[in-house]
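In what follows, a single structure is set out as structure tokens and then discussed.
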Amino acid sequence: MTDTPSAAAPPLPDLPRDNTQDGPAVRLYLVDGSGFIFRAFHALPPLTRKSDGLPIGAVSGFCNMLWKLLVDMKAQTDAPTHLAVVFDHSEKTFRNKLYDKYKAHRPPPPEDLIPQFPLVREATLAFGVPSLELPGYEADDIIAAYACKVRDMGGEVRIVSSDKDLMQLVGDRVSMLDTMKNLLIGPEQVMEKFGVAPNRVVDVQSLCGDSVDNVPGAPGIGIKTAALLINEYGDLDTLLARAGEIKQDKRRQTLIDFADQIRLSRQLVQLDCDTPLPSPIDDLKVADPTAEVLAAFLEEMGLHTLGRRVASGGGGTRAPAAPATAAPRPVTATDHGPVDVTKYVCVRDIETLDAWIAKAHRAGVIAFDTETDSLSSANAGLCGVSLAVAPGEACYIPVGHEHEGGLAFDAPADLTQITHNEVIARLKPLLEDPSVLKVAQNAKYDIAVLSRQGINVSPIEDTMLISYVLEAGLHKSHGMDELSKRWLGHEPIPFKQVAGTGKAQKSFKHVPLEPATCYAAEDADVTLRLYLLLRPRLNTEGLLTVYETLERPMPAVLAQMEIEGIRIDPDQLARLSHDFSVRMTELEAQAYELAGRPFNLGSPKQIGEVLYQEMGLASKKTTATGAQGTDASILEDLAAAGHELPRVLLDWRQLSKLKGTYTDNLAAAISPRTNRVHTSYALGATTTGRLSSSDPNLQNIPVRTEEGRKIRKAFIAEPGHVLISADYSQIELRLLAHVGDIPQLKKAFLEGQDIHAATASEMFGVPIEGMPAETRRRAKAINFGIVYGISAFGLANQLSIPQDEAGAYIKTYFERFPGIRTYMDRTKQGARAQGFVTTIFGRKVNIPAVYSKSQAERAFGDRAAINAPLQGAAADIIRRAMIRMPAALKESGLKARMLLQVHDELVFEAPEAEADALINVAKRVMEHAAEPVVALSVPLVVDARAAKNWDDAH
DNA sequence: TGCGTCACG
DNA sequence: GACGTACGTGACGCAA
């Protein structure tokens, strides 16, 4: 702990002095950025960006304040030489360790403010001002550390803030500036406020406490009394030591009884001058903003007025040259020169590594990539990390490369590397530094790998997701190789080329350092180039909010879910597998008997031969290639016509599917390390915004049949825990009711009716009470069909009714719900006019099929266009819930973990005692996930249940 | 590797 | 009235 400023220390001997001017060499302005954000937010009306509704009130207020400050600064005779904006970092601080209630009853920041935090940091950098923050520290501590340091060097400090907690720093050479009230605060003003000199402010605050920050202080003692006591006894320690001398009974007793609490309060209010400096003071020198960068940022935010003022140099400041109205020239693929893999550096000693880390800090934006020995992040070991600090300037840091097993007859290559632990220790501060933006391609993978090394990468951006937001539906993949070819015209080295292919493929740790460096560093280089190229488009194309709110937070959430995994009972699966085998053998024998010969029941081709040629049954449908189909619906029809073999085949197929896809392979997927199964969720893989799950796919675990549900029962909770499944009820139909604005559907949902029965009642004019099950079933099929872009053929097929009957249903449906036809027509028209549709959250789904020459493909496009805004909005909503869930669980003090997502369902694992609390939290977060950006006209309803296994929880 | 089939929402 | 169909996924086994 450092004392408050008192006697000025002599200037340090090595202080660089500027001989061309009088006064101290360093005149540092420190702006309390966090304080400013909140004040700007609350002082200004809610302002949103015109293009897409992104809230930017605080950003706007902050920019105006900063610009005014810069202008005023320059006009002064004693203009500052150094300047920085300081921010709180969202993590807990050392004060929470001292006192868990510190700032505890602060509400979370308003929803509209959250997306503005990163933007304000961007704004700071756009103005050419360094932005400082440090995990585990409050802005006030960082300000204190710089203030003490500069003061002790003989420099001057001005703190731009109105936070009274900073007044303890005021002294001869440290002052405060409240720009809101335009007040300069020196020792005199502090004296007025606290009744004591600045160096005793902490003592007063310790006594009177602070209800806003939850600093307890001494009960019943306010500023006046505190100042009186301190002035009488000199300082807090003396006061506490001599508390027995106080004349007033009550006051004396309070000070004696609460001495410990007062000392704790002092620790809470005392700012820590020993806080490490995030940047050297030299790096905070005042510099003019780059005109283009600043103009582009203000343009991006839609802050045209300030943009014009900045462009005209308002207030006598040297004006940035570019007019704010002229958009900066977009970066093009060739701006950064060709990719040259021979220029990359292999980092093998600490000095070189430190030099790259320093470059990375200066760059502020870097790309990185991790190389591992496995494809699944859950088990991947780290082989190396590559960094790109500028286009064409990249390195690879190997950590675990070794010779491949066996005797080397040639002299083995030199594999000197920095040790694993040293690399991790050096990289951790960089990768966790809030002021260095890390760009990755498919960030989820790198987050998971590094999280196992104890590194929490942040802040992070993902070029795959940027591409996905911009061009979902236009490309099969948003993988790096494709992006590189598409945007940079450069084909990266194929993995196969460095690691070999097939059985001979080696682990990356066995790849020699030179090719490994070319391959790995190239990935980082390409990623950085892609970022510089694609990221500006988010803005110009109005997709920044989608990226920031629906995509960018996902990798960290999913990485955590994948790491958690889920427990599966292998014995249960083994029993099922055996049971299925026995029954399949019986069915095979029956099938051979019925066919009159043995054949492969798993071969559709052989089934066709047996059924259609040898047994002479009529084949109903042909497949895409003209072969006679044997799928379930055909076999069902044949079985219904009285044939025995199709039934046997159907039964065998079901068991074969369950055994082959689930019982055998799920058990094999259990990680020996964790005893759990870890799926991999793909982002940027679907056209609509849904996730997909693979290796193994846990989004298609059987549920519809009795046999299948036995597999689901093998998904179990740990002892003392339960699984909780929470799923949205009819979310796509609810969205249809909202988006299509269908009064009857909205009414039915608002009244909590059975939606399919209500639909049937509306269509056929029958009461819901006593409705035949078949009537409801047909309405249900129609409701599903609508969401899919209905056709008479499809509905007829689904319900096994003639096509004209299905057509009549659809006609009736549209007559009863004319709004739905309007919605469908409007959506198709929009899709054909623009080539894409959007969800209510702004996600863009491209549908190139609407431009096809083929009528069939265009019809396909129409149906996809009708479905995408509904399926996509549902995907957006559950994403919003997932993104909020970790904080919601933490806030509620729950140990529960989110394990799985199945499109409209989230699966959690929680201690048994938490089950009810978790259900409450999960329901609340999920049911309100659309808010506040979209106010749905129908309620979202979530059903949740806890049980020992997934089937019973579902 | 492409196809048919089928598990899920 | 054509077109051949429900929307979105991933995994398996067969056949080439």
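Throughout, protein chains are lettered first and strands after them, A, B, ... in sequence-line order, and every chain is numbered starting at 1. Note: hydrogens, waters and symmetry copies are ignored here, and every other heavy atom, side chains too, is used. These figures come from a predicted structure and were not determined experimentally.
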*Over how many whole Å does the gap from D876(A) atom CG to dG8(C) atom P extend?*
16 Å
*Indicate yes or no: does D579(A) engage R583(A) in a salt bridge with an N to O separation below 4.0 Å.*
yes
*Between the side chains of H475(A) and E471(A), is a donor N or O closer than 3.5 angstrom to an acceptor N or O?*
yes
*Between the side chains of S577(A) and D664(A), does any donor sit under 3.5 Å from an acceptor?*
yes
_Euclidean distance for P, dC3(C) against dA7(B) (whole angstrom)_ = 34 Å
*Within a radius of less than 6.0 Å around NZ of K780(A), do more than 12 heavy atoms belonging to other residues, nucleotides or ligands occur?*
no
*Check: dT9(C) base within 3.5 Å donor-acceptor of S692(A) side chain*: no
*Anything under 30° is parallel, anything over 60° is perpendicular, the rest tilted; go ahead and classify Y788(A) against F784(A).*
tilted
*asked:* Any base atoms under 4.0 Å from D695(A), or only sugar-phosphate, or nothing? Heavy atoms, all strands.
replied: sugar-phosphate
*asked:* Testing the 3.5 Å rule here: is there a donor-acceptor pair between the side chains of Y813(A) and N783(A)?
replied: yes
*Using a cut-off of less than 4.0 Å, is there contact between a side-chain N or O of N600(A) and OP1 or OP2 of dG13(C)?*
no
*With distance as the sole criterion, is a donor-acceptor pair present between the side chains of S693(A) and T679(A) under 3.5 Å?*
yes
*Who is the Watson-Crick or G-U wobble partner of dG4(B), with both distances under 3.5 Å?*
dC12(C)
*With heavy atoms under 4.0 Å as the rule, sort F860(A) into base, sugar-phosphate or nothing.*
sugar-phosphate
_Under 4.0 Å, heavy atoms only, any strand: does G785(A) hit a base, just the sugar-phosphate, or nothing?_
base
*Candidates dA6(C), dG8(C), dA16(C) - which lies nearest the side chain of K605(A)*: dA16(C)
*Which value, in whole Å, describes the distance between the C1' atoms of nucleotides dA6(C) and dG2(B)?*
24 Å
*Round to the nearest Å and state the distance from L655(A) atom CG to dC12(C) atom C1'.*
15 Å
*Which part of the nucleic acid does A859(A) contact within heavy-atom distance under 4.0 Å: base, sugar-phosphate only, or nothing?*
nothing
*Nucleotide dC7(C), atom P - distance to CD of Q730(A) in whole Å*: 20 Å
*Counting Watson-Crick and G-U wobble pairs only, both distances under 3.5 Å, name the nucleotide matched with dC3(C), or none.*
none
_d(NZ, K780(A); C1', dA6(C)) in whole Å_ = 16 Å
_Please pick, from dC14(C), dT9(C), dC3(C), the nucleotide with the shortest atom-to-atom distance to any side-chain atom of T687(A)._
dT9(C)
*With a 4.0 Å cut-off on heavy atoms, is S791(A) in touch with a base, just the backbone sugar-phosphate, or nothing at all?*
base
*Mark up nucleotides 4-9 of chain B, 5' to 3', with B wherever a protein heavy atom is under 4.0 angstrom from a base atom, S wherever such an atom reaches only the sugar-phosphate, and - elsewhere.*
SSBBBB
*Short question: side chain of R676(A), backbone of I568(A) - any donor-acceptor pair under 3.5 Å?*
no
*Using whole Å, report how far CZ of F793(A) lies from P of dA2(C).*
14 Å
*Check every strand shown and say whether Q606(A) touches a base, only sugar-phosphate, or nothing at a heavy-atom separation below 4.0 Å.*
sugar-phosphate
*Integer-rounded Å distance: dG8(C) P and K476(A) NZ*: 15 Å
*Please work out if A806(A) contacts a base, only the sugar-phosphate, or nothing of the nucleic acid, heavy-atom cut-off 4.0 Å.*
nothing
*asked:* Nearest whole Å is fine: how far is dC12(C) C1' from L601(A) CG?
replied: 16 Å
